[in-house]
Amino acid sequence: MSYATDLEEMLNDLPAFYSIGSTQYIGAVNESSKGQDAGEGGFLDDFDLTLVGKKSDHSTLPAIGSKITYDSQAYRIEKITTTGDGAEVRFDLMSADR
């Protein structure tokens with residue numbers, strides 16, 4: 001069994017739908033944190049998230065700073081990591097409010 005097959009099974013078992021622009025993708029949430037961050041004018045909601053998806057679903061990867069929407073929350077892409085075999089893409093995201 002290959003990693004690509006394992007990834008496919010994981011995404012089917014634990015689907016997390018996310019959007020970049022008007023295109024919807026299926027991924028999985030690897031890590032999520034929620035809290036509040038002190039900012040000018042008071043406390044702002046703070047959400048951080050790591051999404052894992054299939055690299056083959058993305059004809060081109062989005063730019064750092066682009067927006068991803070997951071669970072009705074907008075996130076900004078802070079980092080993109082791909083695996084050596086090209087099966088996985090990992091998006092490290094920060095709340096778009098920050």
Side-chain angles (χ1 to χ4, degrees):
M1 196 177 257
S2 70
Y3 179 71
T5 303
D6 290 343
L7 179 63
E8 183 78 33
E9 288 180 12
M10 178 184 73
L11 298 181
N12 289 331
D13 289 345
L14 304 167
F17 299 97
Y18 63 97
S19 300
I20 301 173
S22 61
T23 305
Q24 185 169 330
Y25 301 92
I26 186 170
V29 174
N30 184 41
E31 187 175 297
S32 176
S33 67
K34 295 182 180 184
Q36 289 191 325
D37 190 28
E40 291 183 30
F43 287 94
L44 300 173
D45 288 334
D46 177 29
F47 303 98
D48 296 313
L49 183 72
T50 301
L51 276 172
V52 177
K54 291 190 310 184
K55 187 171 183 297
S56 61
D57 286 350
H58 299 270
S59 56
T60 58
L61 292 175
I64 300 296
S66 298
K67 300 288 190 316
I68 286 182
T69 302
Y70 167 72
D71 197 23
S72 301
Q73 174 68 40
Y75 295 91
R76 184 177 56 254
I77 300 172
E78 295 291 316
K79 181 178 176 183
I80 300 172
T81 308
T82 57
T83 55
D85 62 3
E88 174 186 298
V89 60
R90 185 175 302 248
F91 299 105
D92 292 323
L93 309 171
M94 184 177 292
S95 174
D97 296 337
R98 293 201 314 180

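Bear in mind the structure is a predicted one, so any value in this text is a computation, not a measurement. We use all heavy atoms of the structure for the numbers below, so side chains are in, but hydrogens, waters and symmetry mates are not.
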Measure the spacing between [atom1] of [X] and [atom2] of [Y] and express it to the nearest 0.5 Å.
X	Y	atom1	atom2	answer
Thr81	Glu88	OG1	CD	8.5 Å
Leu49	Arg76	CG	CZ	13.5 Å
Thr69	Leu93	OG1	CG	10.0 Å
Ile77	Asp92	CD1	CG	10.0 Å

Write down the atom of [X], the atom of [Y], and the distance for their closest heavy-atom approach.
X	Y	result
Asp85	Ala87	OD1-N, 3.0 Å
Gly86	Lys55	O-CB, 3.3 Å
Lys67	Ala96	CE-CB, 3.7 Å
Tyr70	Phe17	CD1-O, 3.4 Å
Ile20	Pro62	CD1-CG, 3.8 Å
Ala16	Val29	CB-CG2, 3.8 Å

>> Using modelled atom types and a 3.5 Å cut-off, is there a donor and acceptor pairing between side-chain atoms of Asp71 and backbone atoms of Gln73?
In response: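 No; zero donor-acceptor contacts below 3.5 Å.
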>> If hydrophobic clusters are built by linking Ile, Leu, Val, Met, Phe, Trp and Tyr wherever their side-chain heavy atoms come under 4.5 Å apart, do Ile80 and Tyr18 end up in the same one?
In response: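 Hydrophobic grouping puts Ile80 with Tyr18.
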> Leu61, Ile64: one ILVMFWY side-chain cluster at the under-4.5 Å cut-off?
Replying inline: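 They do share one cluster, since a chain of ILVMFWY contacts under 4.5 Å joins Leu61 to Ile64.
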> Mind checking whether Phe91 and Tyr75 have side chains closer than 4.5 Å, heavy atoms only?
Replying inline: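 No. Closest side-chain heavy atoms not under 4.5 Å.
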